[in-house]
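Both counts, for ligands and for their atoms, begin at 1 and track the order of listing.
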Amino acid sequence: MDPIVIIGSGLAGYTVLREFRKRDQETPVTLISSDDGHFYSKPNLSNALVAGKSAEQLVNTPREKMAADLKAEIVANARVTAIDTAGKKVRWSDGETAYSKLVLALGADPIPHGLSGPGADKVFAVNDLQDYAAFRSALKPGGKVAILGGGLIGSEFANDLTASGCNVEVVHLGPWPLERLIPEQVGRALADALAEKGVTWHFGRTAKTAETSGGGVVLSLDDGSKVAADIVLSAIGLRSRTQLAASAGLQVNRGIVVDRTLQTSAPDVYALGDCAEVDGQVLPYVLPLMQQARALAASLAGEKSEVRYPVMPVVVKTPALPLAVLPPAAGSDGCWQVDCNEDGICALHLDGANVLRGFALAGKLAAQRSQYAAKAGLCVSSARTPARLA
Ligand SMILES: Cc1cc2nc3c(=O)[nH]c(=O)nc-3n(C[C@H](O)[C@H](O)[C@H](O)COP(=O)(O)OP(=O)(O)OC[C@H]3O[C@@H](n4cnc5c(N)ncnc54)[C@H](O)[C@@H]3O)c2cc1C
């Protein structure tokens, strides 16, 4: 029997394999990965510096143990270059295998920073263990880091780097951090909390060029100002890896297009995680991919299932100001109602009928995210007293 083939050893690839093995111990599975195949949790990459963790220490389970525990053949350091959906085969540089069913768990690539100039090679992006190792070894103790982008990952690294004793400047196009997820008052509070730890913000700015200077780099911003640093971390976002699927003739859009059963446009080929656009949405977070993995594992084991998402707040790893966010769906109407009290900030996104569509909880209130999540989709009075939601 040809194996089920999974491409990718990130959280999506390994979670679908683990979920599948809960249902089926016999069907052969081959997992192919362009990285070393060791299992780690990617969210740890943006809060590991302060803990002094090396890339090796971030590995939860070595590949050999994953293979034994999950009864799978793991082909590591092998980049799949072609998928033949008619012949049901995948190929990499020095091998190929047939598949009965194929799962694409290819992840996402950092968006290119687009900086010109000789300092551009001092710009790092941290999207896997290898990137983390390279970035960490380029860091000087107490050195200066410029971060491009003040979204989730940029803000988390700003917190982690300052907590590790580095000097940090963030260049961010938006008017406050995470402006697409949280209202101004919460964003300003996050910016202030990080500024208190030593972060310097450049809002409404982009970096254009990177020159080298004295072993470091000098960024020129679009208003002509300069930011000097030892190294630069680009955290301007990620883009689903769709190229392999597109060249195999699969339908792609912002991600590899799949329906709620995670089925692509080709028979017996599925996709999940950061590479997948599920029913029109790319949700590049851990909780959605866990739900996708459970549904897909059931389908692979013969019980066709659709993914259903519970309410999934995102916890932002910024201890300077703990934050939990349930972003309102793109294009949803309504507005934020913001209330501050001694426990933090409670921002509720309510539609015209006062139905809770999203929230941002900062400070101690972030710990109440489950209570607020339970009220999502329900009518609430206002943000004024969190107790009303209990
Ligand atoms: C720094 C950072 C912090 C984050 N923090 C959080 C957080 O706090 N909470 C949260 O919910 N989410 C967080 N995220 C997002 C979350 O980590 C991702 O959504 C998730 O890890 C994606 O998993 P994945 O398996 O889809 O992709 P990846 O982990 O990127 O795995 C992709 C795999 O595919 C392999 N691959 C790709 N192309 C090929 C090919 N052609 N041939 C063979 N193998 C291939 C790669 O080698 C890799 O093994 C964070 C992301 C980053 C970068």
Side-chain angles (χ1 to χ4, degrees), residues 5-18 30-49 58 63 66 74-83 90-93 95-97 102-111 124-132 135 147 149 151-161 233-248 255-256 262 271-278 282-293 296 312-318 322-327:
V5 171
I6 298 171
I7 310 178
S9 60
L11 285 169
Y14 271 133
T15 307
V16 74
L17 172 55
R18 191 177 287 119
T30 300
L31 184 144
I32 307 167
S33 181
S34 54
D35 62 31
D36 58 21
H38 299 321
F39 178 70
Y40 75 106
S41 178
K42 188 181 283 200
N44 291 340
L45 296 178
S46 51
N47 62 358
L49 293 167
L58 288 176
R63 160 182 86 228
M66 293 303 285
I74 297 182
V75 183
N77 305 307
R79 177 169 295 281
V80 173
T81 50
I83 301 169
V90 301
R91 245 193 328 273
W92 57 99
S93 59
E96 69 169 36
T97 184
L102 176 65
V103 176
L104 306 177
L106 304 169
D109 278 319
I111 293 173
F124 293 78
V126 177
N127 187 37
D128 58 29
L129 280 178
Q130 257 185 312
D131 294 343
Y132 175 80
F135 178 64
I147 299 179
L152 273 171
I153 293 173
S155 296
E156 291 182 353
F157 270 109
N159 201 140
D160 200 35
L161 284 160
L233 176 67
S234 177
I236 54 176
L238 296 169
R239 196 158 61 192
S240 300
R241 290 190 178 118
T242 56
Q243 210 181 344
L244 180 65
S247 56
I256 302 168
L262 292 314
L272 82 164
D274 282 9
C275 69
E277 181 177 316
V278 182
V282 178
L283 296 173
Y285 303 110
V286 174
L287 290 180
L289 75 78
M290 298 280 177
Q291 300 298 324
Q292 294 163 12
L296 179 51
M312 299 176 290
V314 177
V315 175
V316 187
K317 302 183 295 289
T318 46
L323 196 55
V325 181
L326 180 70

*Taking only residues two or more places apart in sequence or in another chain, which ones pass salt bridge (Lys or Arg N to Asp or Glu O under 4.0 Å) with E277?*
none
Between ligand 1 and the protein, which N/O pairs fall short of 3.5 Å?
residue, atom, partner, partner atom, Å
ligand 1, 5 (N), K317, NZ, 2.9
ligand 1, 8 (O), K317, NZ, 2.5
ligand 1, 11 (O), V286, N, 2.8
ligand 1, 19 (O), D274, OD1, 2.7
ligand 1, 19 (O), D274, OD2, 3.4
ligand 1, 19 (O), P284, O, 3.1
ligand 1, 19 (O), Y285, N, 3.4
ligand 1, 25 (O), L11, N, 3.2
ligand 1, 25 (O), A12, N, 2.9
ligand 1, 26 (O), D274, N, 2.9
ligand 1, 29 (O), K42, NZ, 3.3
ligand 1, 30 (O), K42, NZ, 2.9
ligand 1, 34 (O), A105, O, 3.2
ligand 1, 36 (N), S34, OG, 3.4
ligand 1, 41 (N), V80, O, 3.1
ligand 1, 42 (N), V80, N, 2.8
ligand 1, 44 (N), S34, N, 3.0
ligand 1, 44 (N), S34, OG, 3.3
ligand 1, 47 (O), S34, OG, 2.8
ligand 1, 47 (O), D35, N, 3.4
ligand 1, 47 (O), D35, OD2, 3.2
ligand 1, 49 (O), S9, N, 3.0
ligand 1, 49 (O), S9, OG, 3.1
ligand 1, 49 (O), S33, OG, 3.2
ligand 1, 49 (O), D35, OD2, 2.9

*Around Q243, counting heavy atoms of other residues, nucleotides and ligands shown, do more than 12 lie under 6.0 Å from its CD?*
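No, not enclosed.
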_Heavy-atom pair of closest approach, residues L104 and C275_ =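 So the minimum-distance heavy-atom pair works out to O-SG, 3.5 Å.
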*What pair of heavy atoms forms the shortest contact from G37 to A76, and how long is it?*
N-CB, 4.5 Å
*Side chain proximity check, F135 to L45, heavy atoms < 4.5 angstrom*: no
_With rounding to the nearest 0.5 angstrom, report the CG to CG distance, L49 to D160._
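These two atoms lie 4.5 Å from each other.
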